[in-house]
Amino acid sequence: MQTPAERALIDYVGEIIKYQPSSDTPPVIINLGAGKSTVIESYLQERGLYFISDRLDVEDCTKKAPYIRNCFQASLSDMKMVASNEYQLAFSNYVLEHVPDLEASVKEIKRILKSGGSYIVSTPNPAAPEFLFSRITPLAVHQLIRGSKEEHRAFETVYAYNSIPQLISMFEQHGFTLKKSVYFPATFTYLYRFPILRTLSTWYDAVIKALGFKWLLGNVCLVFVKE
């Protein structure tokens, strides 16, 4: 199920691609933690946006499409096969919570971006109750909640950041400026497979959002620019 934070990521990526200076050469972007999915790129294509996309993941992320150039198998913390100052934009959709060496990854993301390039990320808020629960329970519990379909496969989380402000601070310490920070409810998208819990989560999300308790909202989309 697509989350509001993922939809925001797609919108922000689309905005940046759309407003690249006119040129015969399309903007070059990279999907960090791409997996096998091309859902985000497909949405961008459907909007009539013109770009070239590279892909990177710790597992084989090879896909074929007219807009795909390179598919790298590597971790975010060690992308030595990826050229420096190469991309106008990089993005990650629910990836940073799985990265053990986050500081090295931030440095690598900065290295591969052009000056003034953007990094957009959707990620869980580890301080939200549903993700506190996820952090203290076995992966098998998380997988049971997500479901058995391959596209719902759960991955081990490490949460090398304890809060969104800490995550933002790490990027800022390594030469990024935060441009946007938007929080979204997450319990519905986490529990939607269970009818009673789905209804309760809808009420919970509505109350938390109405009260303005953003630190309890489970998903966030961040937009950074390399200084």
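The structure displayed is predicted, hence computed values, not measured ones.
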Interatomic distance, Ile112 atom CD1 to Leu56 atom CG [nearest 0.5 angstrom]:
7.5 Å
To the nearest 0.5 Å, tell me how far Glu103 CD sits from Gln173 CD.
7.5 Å
Looking only at heavy atoms, what is the nearest atom pair of Tyr183 and Ser181, with distance?
CE1-OG, 3.7 Å
First locate atom NZ of Lys110, then atom OG of Ser84, and finally report the distance between them rounded to the nearest 0.5 Å.
12.0 Å
For the pair Ser118 and Tyr12, evaluate side-chain hydrogen bond (donor to acceptor under 3.5 Å, both in side chains) and give the outcome as yes or no after the intermediate values.
CA-CA 10 Å; Ser118 299; Tyr12 295 147; over 6 Å; no
Just so I know, are the side chains of Leu9 and Phe91 near enough to count as touching, which here means a heavy-atom distance under 4.5 Å?
yes
More than 12 heavy atoms of other groups within 6.0 Å of Tyr204 OH:
yes
Evaluate the side-chain proximity of Ile120 to Cys221: yes if any heavy-atom separation is below 4.5 Å, no if none is.
yes
Would you find a donor on one side and an acceptor on the other, under 3.5 Å apart, between the side chain of Ser37 and the backbone of Val39?
yes
Are Ile208 and Leu132 connected, step by step, through hydrophobic side chains (Ile, Leu, Val, Met, Phe, Trp, Tyr) whose heavy atoms are closer than 4.5 Å?
no
To the nearest 0.5 angstrom, please state how far the NZ atom of Lys226 sits from the OG1 atom of Thr177.
12.5 Å
Are any of the side-chain heavy atoms of Leu178 and Glu172 separated by less than 4.5 Å?
yes
Working note: Phe51 + Tyr67, criterion ring-ring contact (aromatic ring centres under 6.0 Å, His included); need CA distance, chi angles, decisive distance, verdict.
CA-CA 7 Å; Phe51 59 91; Tyr67 55 83; 5.4 Å; yes
Any donor and acceptor pair, going by atom type alone, linking the side chain of Ser77 with main-chain N or O of Ala104 inside 3.5 Å?
no
Can you get from Val225 to Val182 by hopping between Ile, Leu, Val, Met, Phe, Trp and Tyr side chains that sit under 4.5 Å apart?
no
What heavy-atom pair brings His98 and Pro100 nearest, and what distance separates the two atoms?
O-CD, 3.4 Å
I'd like to check Leu32 versus Ile30 (side-chain heavy atoms, cut-off strictly below 4.5 Å). Are they in contact?
yes
With side chain to side chain contact (heavy atoms under 4.5 Å, CB included) as the test, would you mind laying out the steps for Phe131 and Asn219 before giving the verdict?
CA-CA 10 Å; Phe131 293 110; Asn219 285 171; 3.6 Å; yes
Between Arg47 and Glu15, is there a side-chain N and carboxylate O pair less than 4.0 Å apart?
no
Measure the spacing between CG of Asn125 and CD1 of Ile164 and express it to the nearest 0.5 Å.
5.0 Å
Are side-chain heavy atoms of Val82 and Tyr87 found at a separation under 4.5 Å?
yes
Pair Glu227, Lys114 - check salt bridge (charged side-chain N to carboxylate O under 4.0 Å, His left out), show working.
CA-CA 9 Å; Glu227 297 173 356; Lys114 294 179 180 290; over 6 Å; no
Can you find a heavy atom in the side chain of Met170 that is under 4.5 Å from one in the side chain of Leu102?
yes
Got a donor-acceptor contact below 3.5 angstrom from the Glu97 side chain to the Tyr159 backbone?
no
Measure from the side-chain N and O atoms of Lys36 to the backbone N and O of Thr62, and report whether any donor-acceptor pair falls under 3.5 Å.
yes
Has Gln73 got a side-chain atom pairing as donor or acceptor with Val58's backbone, closer than 3.5 angstrom?
yes
Starting from the C-alpha separation in whole Å, work towards a yes-or-no answer on side-chain hydrogen bond (donor to acceptor under 3.5 Å, both in side chains) for Ser169 and Tyr161.
CA-CA 10 Å; Ser169 177; Tyr161 57 100; over 6 Å; no
Assess whether side chain to side chain contact (heavy atoms under 4.5 Å, CB included) is satisfied between Leu167 and Thr123, documenting all intermediate values.
CA-CA 10 Å; Leu167 176 63; Thr123 193; 4.0 Å; yes
Test item: Gln166 side-chain N/O and Asn162 main-chain N/O as donor-acceptor pair under 3.5 Å:
yes
Check ion pair Arg55-Glu41 (N to O, under 4.0 angstrom)
yes
Begin with the C-alpha distance, continue with both residues' side-chain angles, and end with the deciding distance and a verdict on side-chain hydrogen bond (donor to acceptor under 3.5 Å, both in side chains) for Tyr192 and Ser201.
CA-CA 8 Å; Tyr192 74 95; Ser201 68; over 6 Å; no
Given side chain to side chain contact (heavy atoms under 4.5 Å, CB included), test Phe176 with Ile168 step by step and report yes or no.
CA-CA 9 Å; Phe176 285 90; Ile168 292 170; over 6 Å; no
Count the heavy atoms belonging to other residues, nucleotides or ligands that lie under 6.0 Å from CD1 of Ile196, then report whether that count exceeds 12.
no
Show your working on side chain to side chain contact (heavy atoms under 4.5 Å, CB included) between Met79 and Arg111 and close with a plain yes or no.
CA-CA 9 Å; Met79 299 188 284; Arg111 179 184 65 79; 4.0 Å; yes
Is Lys209 atom NZ crowded by more than 12 heavy atoms from other residues, nucleotides or ligands, each under 6.0 Å away?
no
Hey, could you give me the CG/CG distance between Leu216 and Asp205, rounded to the nearest 0.5 Å?
11.0 Å
Considering only heavy atoms from C-beta outward, does the side chain of Leu96 approach that of Val121 to under 4.5 Å?
yes
What closest approach, in Å, do Leu76 and Glu108 show between heavy atoms, and which atom pair accounts for it?
O-CB, 3.3 Å
Please name the pair of heavy atoms, one in Ala128 and one in Gly218, separated by the smallest distance, quoted to 0.1 Å.
CB-CA, 3.6 Å
Answer whether the closest heavy-atom distance between the side chains of Ile10 and Leu44 falls below 4.5 Å.
yes
Hphob cluster co-occupancy, Val158 + Val106, side-chain heavy atoms under 4.5 angstrom:
no
Heavy-atom pair of closest approach, residues Tyr94 and Ala5:
OH-CB, 3.2 Å
Identify the two heavy atoms, one from Val99 and one from Ser105, that lie closest to each other, and give their separation to 0.1 Å.
CG1-OG, 3.1 Å
